[in-house]
Amino acid sequence: MNQGPARKNEHIYTLNMGPQHPSTHGVLRIILELDGEYIITAEPVLGYIHRMHEKMGENRPYPRFIANMSRLDYVGPMLYNHLFTAAVEKLSGIEVPPRAEHVRIITAELSRVASHLLWMGAFLMDLGAFTPILYTFDDREAILDLLESVCGARITFSYFRFGGVCNDISADFIEGTRAFIKLLRTRFPMYEKLVTKNIIFEKRVKDIGVITPEMARLYGVTGPALRASGISYDVRKNEPYSIYPEFEFEIPCGENGDCFDRYIVRMLEMEQSLRIIEQALDKIPDGPVMAKHAPLKLHPAPGETYFTVESARGEAGLLLISDGSDTPYRLKLRTPGFSNLSVLEELAKGILLSDLVAIMGSLDLVIPEIDR
Amino acid sequence: MALLPPEFIRILISSVLIVSFVFLNAMILVYIERKVAGHIQRRPGPMEVGPHGILQTLIDGLKLMGKQIIFPDNIDKPLFCIAPLLAFVPAVVAFVVIPFSPKLQAVDLDMGIIFILALASLNVLAILLAGWSSNNKYSLIGAMRSVAQNIAYEIPMLLSLLAVLFMTNSLSMKSIVEAQKPLWFIVVQPVAFLIYFIASLAETNRAPFDLPEAESELTAGFHTEYGGMAYGLFYLGEYANMVMVGAITTTFFLGGWSGPPLPYMEYSGAFWFLAKVYFIVFSMIWFRWTFPRVRFDQLMNFCWKIMVPFGLVNLMITALVLKI
Amino acid sequence: MLIEDIKKELEELKPESLERKNYSSEGYHWDITLSRETLQDFARVMNRNKFFIEDVCGVDLKEDLQVLYHFAHTGELCRITGRIFTSKNTPAIPTISNIFPGADWHERETFDFFGICFTGHKNLKHLLLPEDADITPLRKSESELKSLDDLTRKPSQRTLKSKLMWPVVFENYKRRPPVKHGREEKKS
């Protein structure tokens, strides 16, 4: 412990948090300079599961890259499926039949709810409450079962295709989804009683890790973390894609931008997602789920397109530059977690070690998405 | 055999009984904890070994005993070895003065409660040694937290016990129980009971005050580097401490062995005693699996700004009422 | 309208080119080509108008290396792409991390993948690649390189070249029934 050169401030020491640590959610490493338990500086070190998806994208035909999207973010994979397929459709002008759009939105929103449920459990586990994670996983399990019935996979979905989705949904799926919505709605009051109103929880997260709107803008923080700061920015509303404008839903916002608001925003978002799913289930038209003229081999004309969707963690963007061949010339992924994590360095100054854990939990870090 | 003084035989038998009681108890408690946690979390808990997983803890214990103890580099080896023993032994020794029933008590010391508290505070030393000697910063932070926490929470704990001692005028555990013949002290001293119970959660490092081993922050806190039976001793020590806290609470506030009469009450009073102890331990387990963990500065604030003043006021009121 | 208002300010930068793009196909409104001198001013304009930084991304072209800056606005729908070119042998661009701290990591990432040096960056070291990496993985080999002209959209070109269909094999795919969840079974 006392090895290394003597320092001027001998009570300041370095703590290497991660890459294997229970609350870094994967393989994030943070080099902490600590004075007692107070953090002086925190420097995240990334890249432990960097897989270079962008290079992979340049080397494989468009359809084969869909599988990569679910490896990118294994918590809300449908949303990334949507990002990539919709971006390519935009680039090459493929139209999607309305039924497929509805199916996409239902599955994508289910995926968002699943992601928020997992986040909630993991966040509370970071705060030392072991029990909620098993409840939220239980609920998430129901979503996975539903999605499994449509596409066969439970985590790494590759369900979307250019021009639609690969399987039609069944009547059982629709019925199961309605039952699930009903079930989850009965669970929210329980979560509120068990967690939201718990005084220890409140004390741990209120006024901790405040992201001001200005700070969020400068760092490019998006998603629930931005909305908790009181800025109503959601790609689904501000820059509607797919058929989101047809649905009624609200964008829940916080006020203070602290961990508690981030928690509340996500909880309310789940309810809004359920609303969207319900409306989509009501409206879903009959018809094919694949476009008639969807090409098997894709050669989009040269050009550039930038497309964004609202993933579970914020604005996910994709820049596609095509050179007319069957592989993209350049594929750039803008992942929300990357920008959201970059704010940690500033948030961590002068806080306690326990608060760092709370802040990291509230930012909803999914390391594969950040490292890409 | 005749040469041995009867007192020696008595000590021998009672110490064997107590050590086996503690081991057995820890095994049952670990099983109960896992089962209760499981049911709180809507899962069955251990189910594989034996009917309803009843032998799971036995097998786990055997596994721990069979494991090699790993000594990391650059540790302070003597201290590293002493720490688990220091965590376990005092926790066991303290049981000699616990009155399980009128006749089931190894020694009835005049200073019973002082003896227990003195031994209980050795626990801090064990954690400090473990954290310091491990050559691991997480362990050290855990140890620092533990020392600050245990020393702080000893004060409200003593204040609450003192209020009861004012009423009994005796430090002997047996006479404290006997003093509750007419009325349990939980009725007379509800504030003291609450303070003691909360402080004891902190003293035993149980959630929501499990900061020394806060998993999500410090990986495993002070025992990060321990494995095998060294870890097992910390574990046993923790459960022995839990039972100890339950026993003190029972003795001081819940009327000890008293309860509806059973045949051979002088011995079978132990049944009521253990039932109460297990009830206390159960609620500790219940708390652990329900609440998040508090933050360190909040923990200290809670102690110094709420528990200590309340304890003092309670003590003062007790003293005044007794004087009048 | 922010889209129109911003035009004046962007023109004041005297960019090499400023183009209004078709949002529905390209995904952004303004495409501005900057020089090394005007990049910082561009970032200041973005900051003044309350844009937030989306990302910084490099593209390897036949002639030069290109760096794209994507900005978006939280209040109004307005996306702006800034481009800057730099030579391949000594790629150097002024940093904008002093104006947008969020650009810090994006610039480091671009440094990782393309070896582009951002002058004035406080902490320009590898972010996603190992500390001792000396590769620039996203630079392309000579044969793969295309010029910028090949990559821009031609109005006359058809967007879809191929007309092959997806085989509709999924129609008869027998789906297994949805898994009944344990909870529901208990109730019945």
Side-chain angles (χ1 to χ4, degrees), chain A residues 46-47 50 52 54-55 90 92-94 141-142 145-146 148-150 161 163 166-167 170 172-173 176 179 216-220 226 231 233 238-239 290 292-307 315 317 319 321-324 329-330 332 334 338-339 342 346 371-372, chain C residues 24-28 47 50-55 57 59-60 68 70 72 74-75 77 79 81 99-106 109 113 126-130 137-138 140 146 150-154 157-168 170 173 175-181 183-184:
Chain A
L46 307 181
H50 174 55
M52 201 76 225
E54 291 173 13
K55 189 80 186 170
K90 187 174 176 183
S92 46
I94 302 171
E141 200 66 17
D145 287 344
L146 284 169
E148 188 191 358
S149 74
V150 294
R161 298 285 186 276
C166 72
N167 285 330
S170 60
D172 281 350
F173 173 83
R217 184 177 69 78
L218 291 175
Y219 280 92
L226 174 68
I231 293 178
Y233 178 73
N238 291 44
E239 200 181 332
M290 272 302 284
K292 272 197 175 159
H293 300 291
L296 183 60
K297 274 195 173 171
L298 207 59
H299 293 270
E304 187 180 326
T305 194
Y306 193 82
F307 188 74
E315 181 181 330
L319 173 78
I321 302 179
S322 163
D323 57 356
Y329 185 75
R330 174 82 169 96
K332 159 77 186 172
R334 189 253 185 224
F338 189 78
S339 299
S342 67
E346 191 164 325
D371 278 357
R372 276 165 290 156
Chain C
S24 60
S25 64
E26 316 259 321
Y28 48 89
N47 192 10
K50 305 291 175 205
F51 279 80
F52 74 87
I53 182 148
E54 290 236 35
D55 59 26
C57 115
V59 182
D60 194 9
L68 302 176
H70 290 112
T74 51
L77 177 54
R79 288 182 182 274
T81 302
I99 300 157
F100 280 99
D104 182 328
W105 281 18
H106 292 294
E109 187 196 310
F113 295 163
H126 285 303
L127 181 69
L128 293 175
L129 295 185
L138 278 183
K140 291 171 181 274
K146 297 268 165 74
D150 296 336
L151 300 173
T152 39
R153 193 179 301 262
K154 314 278 184 307
Q157 225 158 1
R158 256 199 359 236
T159 43
L160 272 181
K161 268 189 187 170
S162 161
K163 281 284 178 192
L164 273 172
M165 304 297 147
W166 278 93
V168 189
F170 302 110
Y173 171 70
R175 253 167 264 106
R176 71 188 188 83
V179 184
K180 278 274 189 301
H181 213 244
R183 256 190 324 262
E184 286 158 24

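Within every chain, numbering begins at 1; the chains are lettered A, B, ... in the order of the sequence lines, protein sequences first and strands thereafter.
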Which answer fits [X], side chain, backbone, both or neither, if we ask what part of it has an atom under 4.5 Å from a heavy atom of chain C?
X: E315(A); result: side chain
X: Y329(A); result: both
X: S322(A); result: backbone

query = When heavy-atom pairs shorter than 4.5 Å are enumerated against chain A, which of I99(C), L68(C), V59(C) gives the highest number?
reply = V59(C)
inquiry  = I need the residue from E239(A), H50(A), K90(A) with the largest number of non-hydrogen atom pairs under 4.5 Å to chain C.
reply    =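 When all of E239(A), H50(A), K90(A) are compared, E239(A) has the most.
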ask   = Would you call the rings of F338(A) and H106(C) parallel, tilted or perpendicular, where under 30° means parallel and over 60° means perpendicular?
value = tilted
task = Please state whether the side chain, the backbone, both or neither of Y28(C) comes within less than 4.5 Å of a heavy atom of chain A.
result =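 Contact with chain A: side chain only.
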inquiry  = Donor-acceptor check, side chain of K50(C) to backbone of R217(A), threshold 3.5 angstrom: yes or no?
reply    = no
inquiry  = Between Y219(A) and F52(C) (side chain of the first, backbone of the second, donor and acceptor by atom type, cut-off under 3.5 Å), is there such a pair?
reply    =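 No; judged by distance alone, with no hydrogens or angles, the pair does not exist.
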request  = Taking all heavy atoms of D55(C) and all of Y306(A), pick out the closest pair and write down the distance.
outcome  =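 Looks like OD2-OH, 3.5 Å.
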message = For a quick test of reading the model, state the closest non-hydrogen atom pair linking L218(A) to N47(C) and the distance between them.
response =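 L218(A) and N47(C) have their closest heavy atoms at CD2-OD1, 3.7 Å.
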task = Begin with the C-alpha distance, continue with both residues' side-chain angles, and end with the deciding distance and a verdict on side chain to side chain contact (heavy atoms under 4.5 Å, CB included) for L46(A) and W105(C).
result = CA-CA 10 Å; L46(A) 307 181; W105(C) 281 18; 3.6 Å; yes
message = What verdict does the side chain to side chain contact (heavy atoms under 4.5 Å, CB included) test give for L77(C) and N238(A), after you've listed the backbone C-alpha separation in whole Å, the side-chain angles of each residue and the deciding distance to 0.1 Å?
response = CA-CA 7 Å; L77(C) 177 54; N238(A) 291 44; over 6 Å; no
query = Does some side-chain heavy atom of D60(C) sit less than 4.5 Å from a side-chain heavy atom of R330(A)?
reply = no
note = Rounding to 0.5 Å, atoms CZ (F113(C)) and NZ (K55(A)) come to a distance of 10.5 Å
key: CE on M52(A) to CG on L129(C), rounded to 0.5 Å   =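 Reported value, rounded in 0.5 Å steps: 7.0 Å.
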key: Ion pair K332(A)/E54(C), N-O distance below 4.0 Å   =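 Judged by the 4.0 Å cut-off on N to carboxylate O distance, K332(A) and E54(C) do not form a salt bridge.
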key: Stepwise side chain to side chain contact (heavy atoms under 4.5 Å, CB included) test for E54(A) and C57(C)   = CA-CA 11 Å; E54(A) 291 173 13; C57(C) 115; over 6 Å; no
